[in-house]
Amino acid sequence: MVLCVSGIGAIVVAITSNEWKVTTRASSVITATWVFQGLWMNCAGNALGSYHCRPHLTIFRVEGFLQACRALMISAVVIGFFGTVLGFLGMKCTKIGGSDQMKSKMACAAGILFILSGLCTLSGCSLYAHKTTTEFFDPSFVSQKYELGTALFVGWSGAAVCLLGGCIFCCSFAAECNRSRPGYSHAKARSLMSLRSREPKAERDPMAQGFSKDFKTNSYV
């Protein structure tokens, strides 16, 4: 649960960050200023520490890959929220959620949601990184070239942590199912044999029982 919550937090940090790509300084003479862009705003900063950001004022003029990245990241956060709720309900330390069997099902559902959240984040960050690297290595692209920003690495880290936590949730559900599955036992047969072994020898042997009745101590007096 700690891994999954940390992963969702990293995804939220990545989606709100403006450093998805930054201007490359390899092909620029003036390195005192730089531009960095995010999913929601374009920012420019200088060496003095001041920067100015301008949000995307329209949706229809935004590039298609940027809208796809937005949709994937928002879906990851929403799915992760529901996964967090189910994860808390499915933990054995909580008092709500029903029986242990119901809690195990909730934990499995939470694991699946966390895995989906990680996949959405991984897809969104990889799509943005692919677009950035394609423009960077394209010799015919004459506009400003960018490098990968810090937010992409934060998003990839959050996606990996969510995938790991979701797999642990699903594995715990499988272990709970194997533990609750009834096995074949021969307890009844062993109990019958033990009862037979506990019976007195005189009761099990009819000849000895009749012998004891016919030849008693008084018969020899």
Checklist line | Full working for side chain to side chain donor-acceptor pair (under 3.5 Å) between Y146 and Q37 | finding: CA-CA 9 Å; Y146 294 87; Q37 297 184 9; 3.0 Å; yes
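- Looking at heavy atoms from C-beta onward, L148 lies out of side-chain contact with W20 at the 4.5 angstrom threshold.
- In this structure, P55 and W40 have side chains that are not in contact, with every pair of non-hydrogen atoms separated by 4.5 Å or more.
- Annotation: F65, atom CZ; neighbour count of heavy atoms from other residues, nucleotides and ligands within 6.0 Å is above 12.
- No side-chain heavy atom of T121 sits under 4.5 Å from any side-chain heavy atom of L72.
- When the side chains of ILVMFWY residues are joined at heavy-atom separations under 4.5 Å, either directly or via intervening members, V13 and I8 end up in two distinct hydrophobic clusters.
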Margin query: side-chain contact (heavy atoms from CB on, under 4.5 Å) for L119 and C162? Distances and angles first, verdict last.
Written below: CA-CA 9 Å; L119 290 177; C162 281; over 6 Å; no
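- Cluster annotation: M106 is not connected to I168 through the hydrophobic network of ILVMFWY side chains, with a link wherever side-chain heavy atoms come within less than 4.5 Å.
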Checklist line | Working for side-chain contact (heavy atoms from CB on, under 4.5 Å), residues F169 and C4 | finding: CA-CA 10 Å; F169 265 116; C4 294; 3.8 Å; yes
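- Between C43 and C53, the gamma sulfurs sit within a distance below 2.5 angstrom.
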Next item on the list: Evaluate side-chain contact (heavy atoms from CB on, under 4.5 Å) for S117 paired with F81, printing each intermediate quantity in order.
Entry: CA-CA 9 Å; S117 177; F81 171 76; over 6 Å; no
Item checked: Stepwise side-chain contact (heavy atoms from CB on, under 4.5 Å) check, R70 with I15 -> CA-CA 8 Å; R70 286 179 176 181; I15 195 176; over 6 Å; no
